[in-house]
Amino acid sequence: MARITITFNGNEALRLSAGELARELALPLAMAGEPDSDLQLVVTPEHLELQDARDPRQGPVYADFSRLDFRPYCANLSRRQPLARAIGKKTKSVVDATAGYGQDALLLALMGFRVTAIERSPVIAALARDGLQRFIKHTGMNLSERLQLMTGDARALLAAIAPRPDAIFLDPMFPPKRRKSAGVKKEMRLLRELVGDDADAPELLDISRATARDRVVVKRPDDAPPLAPNPSMSLAGKLVRYDVYLTNPRRPG
Ligand SMILES: C[S@@+](CC[C@H](N)C(=O)[O-])C[C@H]1O[C@@H](n2cnc3c(N)ncnc32)[C@H](O)[C@@H]1O
């Protein structure tokens with residue numbers, strides 16, 4: 001288990017925010033540079049970042065949506081692209097039950113779906129919340145009606161979401177590659193260290209199938225087997241595949 005502390009970048013004005021975050025996440029507050037942790041969640045004037053204290057040369061990880069092309073009508077947000085087609089044209093509400101850093105949840109919200117995102121790692125959820133808040137501040141968009149982020153285990157929280165969502169989107173951790181790739185991005189490396197391999201993803205899929213009014217969409221690497229056999233359909237994206245499990249086969253589209 002990685003030892004994690006909260007710190008701030010030396011700017012005393014940030015001590016308060018760091019202290020609040022430490023209380024919220026029930027993690028110890030440490031001074032920057034104190035070596036007694038594996039990972040440090042650092043409050044800086046710009047953003048919240050995760051540092052690998054064992055290897056600071058790796059550089060920080062933070063949720064950054066500023067370089068993604070999310071302009072209205074751009075290809076990323078097109079309802080013709082595989083993710084939107086997998087979610088379905090009649091779908092209005094989506095739960096992203098494996099929110100991670102929040103990129104897919106943001107994408108879905110900007111496509112016009114009403115999204116509830118759930119992330120069970122409080123550290124990853126804090127990074128996602130920070131990235132989403134900066135995106136909203138930077139773009140001036142009001143997403144409060146369309147995107148909310150909850151921290152907790154979706155296996156327990158899904159039952160409490162009312163009304164039931166039309167679709168549930170799952171993007172559990174991909175099975176680790178047999179050959180270790182040197183090119184694994186630090187974002188993914190630290191994510192895997194914090195959250196593991198999501199071995200309970202099949203259980204989450206079962207619960208999701210019993211909850212979604214219309215469908216569950218599972219994002220998989222293009223060369224991985226489906227999370228459960230016989231998806232109703234599969235749509236190929238760039239390096240990934242979206243397996244769709246219809247839960248109400250009388251409502252196609
Ligand atoms: C591959 S990441 C998702 C990446 C995300 N789609 C994005 O755009 O950033 C998988 C995430 O799902 C979360 N997760 C897995 N099972 C979960 C569960 N039962 N409830 C909530 N979060 C879960 C993990 O903690 C991890 O952060």
Side-chain angles (χ1 to χ4, degrees), residues 1-2 4 25 39 41 48 50 61-70 76-77 81-84 86-87 94-111 113 115-135 143 147-161 165 167-177 184-212 216-222 224 227-228 237-243:
M1 261 298 245
I4 309 169
L25 304 188
L39 302 175
L41 202 52
L48 181 66
L50 189 62
V61 165
Y62 53 94
D64 181 14
F65 307 120
S66 65
R67 264 170 276 146
L68 300 171
D69 189 358
F70 283 156
N76 280 337
L77 302 184
Q81 61 119 311
L83 170 61
I87 295 289
V94 182
V95 171
D96 176 347
T98 55
Y101 294 113
Q103 183 166 316
D104 286 324
L106 176 60
L107 197 60
L108 290 167
L110 293 175
M111 283 174 178
F113 300 107
V115 181
T116 303
I118 308 176
E119 171 52 49
R120 69 176 159 190
S121 158
V123 170
I124 299 296
L127 290 168
R129 182 164 287 115
D130 173 67
L132 293 170
Q133 280 167 352
R134 274 182 290 108
F135 177 83
L143 289 180
L147 178 56
Q148 57 157 315
L149 176 63
M150 299 166 78
T151 306
D153 194 320
R155 289 173 302 163
L157 293 181
L158 278 175
I161 293 181
I168 297 178
F169 173 72
L170 303 180
D171 174 21
M173 295 299 286
F174 292 164
K177 293 246 188 274
V184 176
K185 282 194 184 161
K186 60 186 180 213
E187 285 80 2
M188 281 318 285
R189 197 175 49 73
L190 288 184
L191 185 62
R192 194 176 291 282
E193 177 167 357
L194 279 172
V195 307
D197 291 336
D198 290 344
D200 52 7
E203 187 192 343
L204 178 60
L205 174 55
D206 285 347
I207 295 171
S208 301
R209 289 174 82 168
T211 305
V216 181
V217 176
V218 186
K219 183 172 168 182
R220 301 290 284 166
D222 51 5
L227 197 53
K238 224 201 281 172
L239 301 174
V240 296
R241 193 181 72 238
Y242 299 101
D243 292 336

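Fair warning: this is a prediction, and the values are worked out from it, not measured in the lab. Whatever order the structure lists them in is the order used to number ligands and atoms, beginning at 1.
- Tyr242 meets the ring pair (Phe, Tyr, Trp, His ring centres under 6.0 Å) test with no other residue; sequence neighbours excluded.
- Residue pairs meeting the salt bridge (charged side-chain N to carboxylate O under 4.0 Å, His left out) criterion with at least one partner in residues 201-210, sequence neighbours excluded, are Arg155-Glu203.
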Take Leu39 and Leu194 through the side-chain contact (heavy atoms from CB on, under 4.5 Å) test and state the conclusion after the steps.
CA-CA 10 Å; Leu39 302 175; Leu194 279 172; 3.9 Å; yes
Listing, residues 123-134 side-chain donor-acceptor contacts under 3.5 Å, not counting sequence neighbours, or none:
residue	atom	partner	partner atom	Å
Arg129	NH2	Leu149	O	3.1
Asp130	OD2	Leu48	N	2.9
Asp130	OD2	Arg134	NE	3.2
Asp130	OD2	Arg134	NH2	2.9
Arg134	NH1	Ala63	O	3.4
Arg134	NH2	Ala63	O	2.6

For each nitrogen or oxygen atom of ligand 1, which protein N/O atoms lie closer than 3.5 Å, and how far apart are they, rounded to 0.1 Å?
residue	atom	partner	partner atom	Å
ligand 1	6 (N)	Asp104	OD2	2.8
ligand 1	6 (N)	Asp171	OD2	2.7
ligand 1	8 (O)	Gln103	N	3.3
ligand 1	8 (O)	Asp104	N	2.9
ligand 1	8 (O)	Asp104	OD2	3.3
ligand 1	9 (O)	Tyr101	N	3.1
ligand 1	9 (O)	Gly102	N	3.4
ligand 1	16 (N)	Arg120	NE	3.4
ligand 1	16 (N)	Arg120	NH2	3.2
ligand 1	19 (N)	Asp153	OD1	2.9
ligand 1	20 (N)	Ala154	N	2.8
ligand 1	22 (N)	Ala97	O	3.4
ligand 1	22 (N)	Arg120	N	3.2
ligand 1	25 (O)	Glu119	OE2	2.7
ligand 1	27 (O)	Glu119	OE1	2.7
ligand 1	27 (O)	Glu119	OE2	3.1

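- The pair Lys219-Asp96 does not count as a salt bridge, with every side-chain nitrogen at least 4.0 angstrom from each carboxylate oxygen.
- Here the closest non-hydrogen pair linking Asn76 and Met111 is O-CE, 3.5 Å.
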